[in-house]
Amino acid sequence: MTETFILIPGRTSRQGVGISEGKFEDTYLNETQRLQMSADDMQRLGLAEDNWVRLTSPTGQIEVRVVPALRNEL
């Protein structure tokens, strides 16, 4: 299924903590290899937490896990 969304890049506090441990450690990798998405959008698209999705742009693509965004992290 293809649908267009606007990607809003940002850093989470866990990503900030993870960077101090190193970019190749689990904390940082787990945080940067996931897409936070509205739970409503996930439900509408039939996605469950930890499903893989492909993000595509004019410059490339990547596959990441999808997780529901917490209301205070949006």
Side-chain angles (χ1 to χ4, degrees):
M1 167 184 306
T2 300
E3 188 162 337
T4 301
F5 285 87
I6 296 172
L7 180 64
I8 303 171
R11 290 205 169 127
T12 66
S13 59
R14 284 177 285 208
Q15 185 180 352
V17 169
I19 193 72
S20 66
E21 297 172 1
K23 285 189 172 183
F24 299 105
E25 299 300 322
D26 287 342
T27 302
Y28 185 81
L29 290 174
N30 289 337
E31 196 64 17
T32 58
Q33 295 176 354
R34 66 188 197 139
L35 171 69
Q36 292 183 8
M37 179 181 274
S38 154
D40 294 339
D41 286 335
M42 287 177 64
Q43 183 178 18
R44 185 174 53 79
L45 295 170
L47 296 170
E49 186 168 350
D50 289 329
N51 282 169
W52 287 86
V53 295
R54 180 177 296 132
L55 305 178
T56 304
S57 77
T59 57
Q61 64 184 17
I62 187 170
E63 292 182 4
V64 293
R65 291 180 300 119
V66 65
V67 296
L70 300 175
R71 293 283 180 204
N72 61 355
E73 290 184 325
L74 288 176

Legend entry - Heavy-atom pair of closest approach, residues T56 and Q61: OG1-OE1, 3.6 Å
Inset, instruction - Is it possible for you to say whether L7 and M37 belong to one hydrophobic cluster, with membership spreading through side-chain heavy-atom contacts below 4.5 Å? - result: yes
Inset, instruction - Check step by step if side-chain contact (heavy atoms from CB on, under 4.5 Å) holds for D50 and V66. - result: CA-CA 5 Å; D50 289 329; V66 65; over 6 Å; no
Inset, instruction - Report yes or no: do V67 and L47 belong to one cluster of Ile/Leu/Val/Met/Phe/Trp/Tyr joined by side chain heavy-atom distances under 4.5 Å? - result: no
Inset, instruction - Report the C-alpha distance between F5 and L45 in whole Å, list the side-chain angles of each, state the deciding distance to 0.1 Å, and finish with yes or no for side-chain contact (heavy atoms from CB on, under 4.5 Å). - result: CA-CA 12 Å; F5 285 87; L45 295 170; 3.7 Å; yes
Inset, instruction - Please confirm whether the backbone N or O of S38 pairs with a side-chain atom of D41, one donor and one acceptor, at under 3.5 Å? - result: no
Legend entry - Neighbour count above 12 (heavy atom, 6.0 Å) for E63 CD: yes
Inset, instruction - Calculate, to the nearest 0.5 Å, the distance between atoms CE and CG belonging to M42 and N51 respectively. - result: 7.0 Å
